[in-house]
Enquirer: 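Attaching a single structure in structure tokens format; questions to follow.
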Amino acid sequence: MIRMIQSTSSGQAKEYFNESLHQSDYYLNNQEQPGQFYGNVAARFGIVGVATQNAFQALCENINPVTGQALTPRKRDNRTVGYDINFHCPKSVSILHALTDDNHILNAFQESVQQTMLDIEADAQTRVRKNGKDGDRLTGGLIWADFIHQTARPVDNAVPDPHLHCHSFVFNVTWDAVEQQFKAGQFRSIKQDMPYYQARFHKRLADKLVELGYRVRRTDKAFEITGVPEHIIDLFSKRTNEIGQIAKELGITDQAKLDQLGARTRAKKQKGLTMNQLKQEWRRQIFALGMHDKDEGDQPIRFAPVKPVASPSPKQCVDHALAMRFERVSVMQDRRILEVAYRQGLGFPTLTVEQITNRFADDKRIIRVKDGAKTLCTTKEVLREEKRMVALAHQGKGNLPPLYPVAPVIPLEGEQHEAVSHVLTTTNRVSIIRGRAGTGKTTLMKEAIRLIEETGRKVTVVAPTAQAARGVLRDEGFNEAETVAKLLSSSELQAGLANGVLWVDEAGLLDTKDMTALLTLAIKKNARLILSGDTRQHSSVMRGDALRILNTVAGIRSAEVSRIYRQRNLDYRKAVQALADNKVGDAFSTLDGMGAIITLDPANSFTVLADDYMATLKKGKTTLVVSPTHKEGEQVTKAIREKLRETGRIASEETGVVQLVNTNLTLAEKSDLRNYRSGQVIQFNQKLAGIERGSRWVVHSVANGIVHIKDTSGKHTFLPLDRMEQFDVYRPSEIALSKGDKVRITRNGYDANKKRLTNGQMLDVIAIAPNGALRLHNKASKATYTVPAHFGHIAHGYCLTSHAAQGKTVDEVFIAQPPSTFSATNLNQFYVSVSRARDGVHIYTDDKPALLVHASELGNRLSALELVKRRKSRHKAVEYLIQAARPLPPKVKPSIKRMETPDKPKPIQRKPNNRAPRPTL
């Protein structure tokens, strides 16, 4: 793992050197290694080698360690001193290092760190602000000090755990060769690309260890050494567990605050123990749990017989990365693709980082467009897919007679009237109604469908999700509403489309593939296609924001419904309107003025939110709690359930119930055997040979390229990896439930009495059997369900992500949005969350300015068509600048000629003879 922590205090950096990195400690107990200066800037200073205290502290004070003069022009007190880039070995690697008597693992680690730091240095930049410029310039030079540590911080005065890691402290200085001066660095891109550098680091370290004779197994985030049991790894995670426990008690989940917590709770390194003494103690603990440093043949672990495994080719790694990254987006930064390709080649020393990088650079399937210092990519296949969808939409332009030659009497006003009139009188096969959240789209939809049916045409209503179709639409009176997936798989439903109208609600959730299928079906059945939705809200999880592409790129005309009716409070409505208009600053000011933005106290985290939630429940109002991430949602749920239990709304007794957590693997990830673990649950969506639809199987083992699975009866078979789209992979877990709890169904299914359970459905727990079976109740429909203990697809229903909340309307909404959620925060997410309620909105954060910044970022995903259009526009701009820069040809003064006499014949202009010469005989 690599972490990058900003240091804004010279005093803090100096203290770090004095307490943790001072040379007197290195040789006292041999736990640490002497710090070393590296980098092109260090070479320019002539201080490459041992990091002295004087040089380190001078750099902290922004002083040239050689001349004693100011180093960079920036003299602010709160300047960034530098960045501590932490390189951490997988725990199993540190454990094996503790069992060895030499430094072969340490050397492999140091080499991997150095190679990765050189990667980072090559990307070093500085800001350019002179002569009216506002950009960044590549410098390729840094100075950093490496400090290798072999132990973790001690816990409760215990002997510290083995933990091989390196602190590379990078100073905020680079050399600008153009301006010929030292300047502060621009580290924004480096920080954003840390997953890319981490993938290269892991690849190098794993490969070096394999070359030394170890076997590696890939994990979710890194890798571990095969043969080191999990309970040994857990044994030496005392410091991590200590921080986790303190963070849990304080409700801290934000990574930056976890880093600060680690620093505040850090005990001093113990002195007086030599490395040999530490290794003896570690070995005692390891051997006590049954692990040894030799195999059955009395050979060191790293030299255990290893069955050779064929290395993937560079092309296979790139193929996997393209398939994985472009399953859910149309445009991706090149380094996000490469990091996946590197991970795919992890543990194969004959396949180098450079080979993978070169294969990616030479791949002709990829379309690349420069975006500042970054490179954005799409593929020719993705571009063809979008072009086909647009072409199908264009086919029906102006080719159909209108449903009504003249708009009939429509009992609506304003934009709603215009929208209904648009779909009734258009001559296009495809029409779009774009309606903002809370603008009464359901009202105009009912009126439009009534008038369409009066023409004798059947209207089929569908939506992309089960909750939108079988939940929201059916509750609003569209009793036969179905999902898009059901329509595309049912010949009976498709037959009813002939010469009729297909209405897709929440069409903003359609991906390119499904939109293309619907367009093809509409053409085949001579049906009209009406798409209603809001492109400002969330789009499909899968690739392609189809509705937005058809509207903005393909130019399919839409009717706009923008007047908001949902919010009863005028200021609240004004804020939602501002968000819909992309005026985030105005919306923020209005919300803050309303008192809607509440500052969190990290010490008690979401206690205030839970109290406000309870107060609203007591008023008899409907509520919704939203957070951008599941992790924060769990913290909010915990706080709310504690309050519910205190007031007796849920029982004090809890029962552990089986829960299945979707791993959400892409098809590319499902094809990789290394992503399967013993104990995972496979549930099948379709009937396959020997496997029933809906049946569940457990991963038994992975061997010889086959994933072996077994069902509840003990029957064994292998996982059909050629039919990956037909199954989902789940991680078994447990959820604590009490009588009175609110729960959410997380996958379509049936209860014990064959009653349908819909993904997203909210139900109340009215009874829990001793075996974990549940009795659930739906307050709206009064229906009761009996859910068996093994159902699994269930979660607490108190806090939803904004994706799950889209389409819901309540009285008051509570939004948990601390800094730990900012990676998932953007305008689309914030707009959906804020606009859910009629009466009130409450936003909880501990960093208002940062929330405003992140909420101002557009959540729209770039399409391949838009990326290519951007490239063409830039090419034209470059051509224009080139033409403008060319000197004009010199003006030729007209020469004075004698006027030709009228009778003088003009020379005959013969056409050039382009024929080939006649061959000579």
Side-chain angles (χ1 to χ4, degrees), residues 403 407-424 431-454 457-484 487 500-510 528-538 547 551 558-568 572-573 576-577 580 622 624 758 760-762 780-781 802-811 813 831-839:
L403 295 170
V409 176
I410 303 171
L412 297 172
E413 297 179 348
E415 292 174 327
Q416 290 185 330
H417 180 282
E418 293 174 6
V420 175
S421 177
H422 168 65
V423 299
L424 296 180
S431 52
I432 299 174
I433 298 177
R434 283 180 48 181
R436 300 179 180 182
T439 55
K441 292 191 294 293
T442 303
T443 301
L444 71 86
M445 184 177 173
K446 287 180 178 179
E447 192 58 37
I449 289 176
R450 178 185 70 81
L451 291 168
I452 293 170
E453 289 177 338
E454 286 184 0
R457 291 172 173 82
K458 180 182 178 182
V459 180
T460 300
V461 178
V462 297
T465 67
Q467 178 61 17
R470 300 177 187 135
V472 177
L473 285 174
R474 290 188 182 182
D475 289 345
E476 291 173 344
F478 303 100
N479 299 322
E480 296 182 359
E482 269 297 351
T483 63
V484 170
L487 171 65
V501 176
L502 173 60
W503 192 301
V504 185
D505 194 34
E506 294 286 358
L509 292 173
L510 286 173
R528 298 164 193 267
L529 179 61
I530 301 174
L531 305 167
S532 64
D534 186 359
T535 56
R536 299 167 186 83
Q537 298 189 49
H538 287 302
L547 182 64
N551 186 209
S558 65
E560 298 285 335
V561 185
S562 59
R563 184 179 178 186
I564 297 172
Y565 297 93
R566 179 180 294 164
Q567 283 72 40
R568 295 163 180 161
Y572 185 11
R573 185 185 300 176
V576 173
Q577 187 76 51
T622 57
L624 178 66
T758 302
Q761 190 175 8
M762 291 290 196
S781 66
S802 53
H803 283 87
Q806 187 162 313
K808 298 186 181 298
T809 303
V810 294
D811 292 329
V813 62
Y831 169 55
V832 170
S833 302
V834 171
S835 62
R836 293 306 93 200
R838 303 182 189 92
D839 299 330

Enquirer: Determine yes or no for a side-chain-to-main-chain donor-acceptor pair under 3.5 angstrom, with T465 supplying the side chain and A468 the backbone.
Expert: yes
Enquirer: Go through V813 and V834 one step at a time and tell me if the side chain to side chain contact (heavy atoms under 4.5 Å, CB included) criterion holds.
Expert: CA-CA 7 Å; V813 62; V834 171; over 6 Å; no
Enquirer: Between V461 and M445, which heavy-atom pair has the shortest distance, and what is it?
Expert: CG1-CE, 3.6 Å
Enquirer: So which heavy atom on R457 is nearest to which on G500, and how close?
Expert: CB-CA, 4.5 Å
Enquirer: Quick test of your reading of the model: are E482 and R470 salt-bridged, counting only N-O distances below 4.0 Å?
Expert: yes
Enquirer: Set out, in order, the CA-CA distance, both residues' side-chain angles and the distance that settles side chain to side chain contact (heavy atoms under 4.5 Å, CB included) for D534 and Y831, then state yes or no.
Expert: CA-CA 11 Å; D534 186 359; Y831 169 55; 3.1 Å; yes
Enquirer: L412 and L444: which non-hydrogen atoms are nearest, and at how many Å?
Expert: CD1-CA, 3.9 Å
Enquirer: Side-chain contact, heavy-atom cut-off 4.5 Å: L531 with L510?
Expert: yes
Enquirer: Within the distance-only criterion (no hydrogens, no angle test), does the side chain of Q416 pair as donor or acceptor with the backbone N or O of G440 below 3.5 angstrom?
Expert: yes
Enquirer: Looking only at atom types and distance, does a side-chain atom of R528 sit under 3.5 Å from a main-chain N or O of V501, one as donor and one as acceptor?
Expert: no
Enquirer: Would you say the side-chain atoms of K446 pair up with the backbone N or O of E476, donor to acceptor, closer than 3.5 Å?
Expert: yes
Enquirer: For D811, is there an ion pair with R838 - N to carboxylate O distance below 4.0 angstrom?
Expert: yes
Enquirer: When rounded to the nearest 0.5 angstrom, what distance separates CD in Q537 from CZ in R436?
Expert: 11.5 Å
Enquirer: For the residue pair S802 and H538, confirm or rule out a side-chain donor-acceptor distance under 3.5 Å.
Expert: yes
Enquirer: Output yes when a side-chain donor or acceptor of R566 lies under 3.5 Å from a complementary backbone atom of S835, and no otherwise.
Expert: yes
Enquirer: Answer yes or no: is there a side-chain heavy-atom contact under 4.5 Å between R536 and R434?
Expert: yes
Enquirer: For the residue pair Q577 and Q567, establish whether any side-chain heavy-atom pair is separated by less than 4.5 Å.
Expert: no
Enquirer: Quick check against the 3.5 Å criterion: does E506 have a side-chain atom that pairs as donor or acceptor with the backbone of P464?
Expert: no
Enquirer: Under a 4.5 Å cut-off applied to non-hydrogen side-chain atoms, are F478 and I449 in contact?
Expert: yes
Enquirer: Please give me the minimum heavy-atom distance between T483 and A469, naming the atom from each residue.
Expert: N-CB, 3.9 Å
